[in-house]
A.B. asks: 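Input: one structure, supplied below.
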2 protein chains.
Amino acid sequence: MTDSKSAAPAAVARRPGKPERLVAAAMELVHQQGIERTTVAEVAKAADVPAGNVYYYVKTNDDVIAAVVEVRAQQVRTDLAAIGARQQSPKERLKSLVCKFAARSELTARYGCPLGSLRPELGKRAERPSLADAELMLALAGWAEEQFRALGRSGSRDLAFDLMAGYQGCALPASTMRDPGLLDSAACRLNERIDSL
Amino acid sequence: MTDSKSAAPAAVARRPGKPERLVAAAMELVHQQGIERTTVAEVAKAADVPAGNVYYYVKTNDDVIAAVVEVRAQQVRTDLAAIGARQQSPKERLKSLVCKFAARSELTARYGCPLGSLRPELGKRAERPSLADAELMLALAGWAEEQFRALGRSGSRDLAFDLMAGYQGCALPASTMRDPGLLDSAACRLNERIDSL
């Protein structure tokens with residue numbers, strides 16, 4: 001039995017720190033609203049970080065975007081490493097990637113692909129993509145290319161781009177129609193294509 | 001022989017009117033910079049329409065966006081009607097559409113797909129897509145579906161979405177890498193897939 005006085009510090013201790021809360025809020029808001037519509041003040045509010053305090057962590061919108069891109073790239077690396085550790089066969093690895101995509105069909109149909117929908121706004125902000133931005137977009141394609149190559153397929157780079165395009169391209173009509181079913185059925189067809197290799 | 005005095009009125013007469021200049025400037029700026037970064041004042045400046053005059057034609061950014069979406073939708077309808085008039089065979093029609101895409105690979109690699117890159121920003125602005133927005137995204141897929149159906153293909157809706165996705169999805173890595181070649185080779189593979197049906 002704990003009284004409310006002793007429970008409170010434990011609850012406070014479990015709460016993520018301000019930097020983590022800011023990044024989590026930034027990722028959600030940028031996905032929902034886009035880069036241009038998301039302000040530092042909004043991120044601070046959503047993260048429950050006092051306005052006078054937030055500039056210690058992020059100063060400009062560019063800082064917010066850089067953090068979002070970096071964390072997305074880190075998530076991609078972690079996901080790919082986990083798939084690589086769990087699955088030995090290149091086909092199963094590719095299908096696990098498709099599964100990863102399909103797991104977020106609902107969110108993608110609502111707000112667009114969390115990776116793909118960053119790209120147009122990033123592309124319109126900068127003359128050249130940043131290293132982190134390019135890595136984010138190309139890490140997945142590069143990894144898929146490796147798997148196709150391990151399958152002994154010629155044109156593995158094209159196959160990799162077609163795999164990515166087959167899903168990310170469907171995010172556009174799916175988010176127009178708010179229809180996750182379009183993404184689920186695209187994922188099924190991609191799995192069939194992988195199986196038929 | 002004409003002197004400069006008599007040539008001047010002819011040159012003025014050939015210049016498009018203010019509404020046309022505003023729409024053309026809005027389309028170019030929105031493609032290059034995105035919706036959120038494009039202001040009415042910038043559109044007016046690019047269109048060479050006096051700032052005091054522009055609000056007679058467009059009052060808000062929403063007016064600018066509505067005009068861009070409407071003109072893009074109109075261009076899609078015109079393109080599809082022209083293809084339909086020129087080509088009788090569904091395969092040739094589909095390949096003509098791919099050609100249309102490929103013709104703008106350079107611009108797409110620089111600024112993203114003029115249609116596809118609108119979608120994420122439109123989706124993040126509104127709870128539900130507007131009719132014009134939905135039409136813009138779905139007219140092409142609906143038309144492609146009709147062609148696949150005319151070829152007697154089952155799953156013609158899926159084939160249509162895959163065709164669109166195969167190109168639009170490649171616009172993301174192509175604009176990340178500023179590489180139109182990725183789009184050209186995606187177009188080749190789509191044409192091969194159409195030929196193999």
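Because the structure is a prediction, the values reported are computed rather than measured.
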A.B. asks: Where does Arg157(A) contact chain B at under 4.5 Å (heavy atoms): side chain, backbone, both or neither?
C.D. replies: side chain

A.B. asks: According to a 4.5 Å side-chain heavy-atom criterion applied to Ile, Leu, Val, Met, Phe, Trp and Tyr, with indirect links allowed, do Leu172(A) and Leu107(B) form part of one hydrophobic cluster?
C.D. replies: no

A.B. asks: Chain A heavy atoms under 4.5 Å from Ile35(B): which part of the residue, side chain, backbone, both or neither?
C.D. replies: neither

A.B. asks: Among the options Gly112(B), Pro173(B), Ser185(B), Ala186(B), pick out the one with the most heavy-atom pairs lying under 4.5 Å from chain A.
C.D. replies: Pro173(B)

A.B. asks: Taking atom NZ as the centre, does Lys91(A) end up with more than 12 heavy-atom neighbours from other residues, nucleotides or ligands that are less than 6.0 angstrom away?
C.D. replies: yes

A.B. asks: Grouping I, L, V, M, F, W and Y whenever their side-chain heavy atoms are under 4.5 Å apart, do Val64(A) and Tyr111(A) come out in a common cluster?
C.D. replies: no

A.B. asks: Please name the pair of heavy atoms, one in Ala165(B) and one in Gly166(A), separated by the smallest distance, quoted to 0.1 Å.
C.D. replies: CB-O, 3.9 Å

A.B. asks: Using a cut-off of under 4.5 Å for heavy-atom pairs, which of Leu138(A), Asp158(A), Leu190(A), Leu115(A) has the most such pairs with chain B?
C.D. replies: Asp158(A)

A.B. asks: Among Met164(A), Arg37(A), His31(A), Arg125(A), who wins on heavy-atom pairs under 4.5 Å with chain B?
C.D. replies: Arg37(A)

A.B. asks: Within the supplied structure, the quantity of interest is the number of heavy atoms (other residues, nucleotides, ligands) at a distance under 6.0 Å from Gln87(B) CD; does it exceed 12?
C.D. replies: yes

A.B. asks: Quick check: is Leu80(B) connected to Val69(B) through a chain of hydrophobic side chains (ILVMFWY, heavy atoms under 4.5 Å apart)?
C.D. replies: yes

A.B. asks: Between Leu122(B), Leu118(B), Leu182(B), which shows the greatest number of heavy-atom pairs under 4.5 Å with chain A?
C.D. replies: Leu182(B)

A.B. asks: A quick test of your reading: do over 12 heavy atoms of other residues, nucleotides or ligands sit less than 6.0 Å from NZ of Lys100(B)?
C.D. replies: no

A.B. asks: With chain B, which of Gly155(A), Cys170(A), Ala141(A) has the greatest number of heavy-atom pairs at distances under 4.5 Å?
C.D. replies: Cys170(A)

A.B. asks: Gln33(A), Gln32(A), Arg189(A), Glu36(A): which one forms the most heavy-atom pairs within less than 4.5 Å of chain B?
C.D. replies: Arg189(A)

A.B. asks: Side-chain heavy atoms nearer than 4.5 Å, only ILVMFWY residues, links allowed to pass through others: does that put Tyr167(A) and Ile83(A) together?
C.D. replies: yes

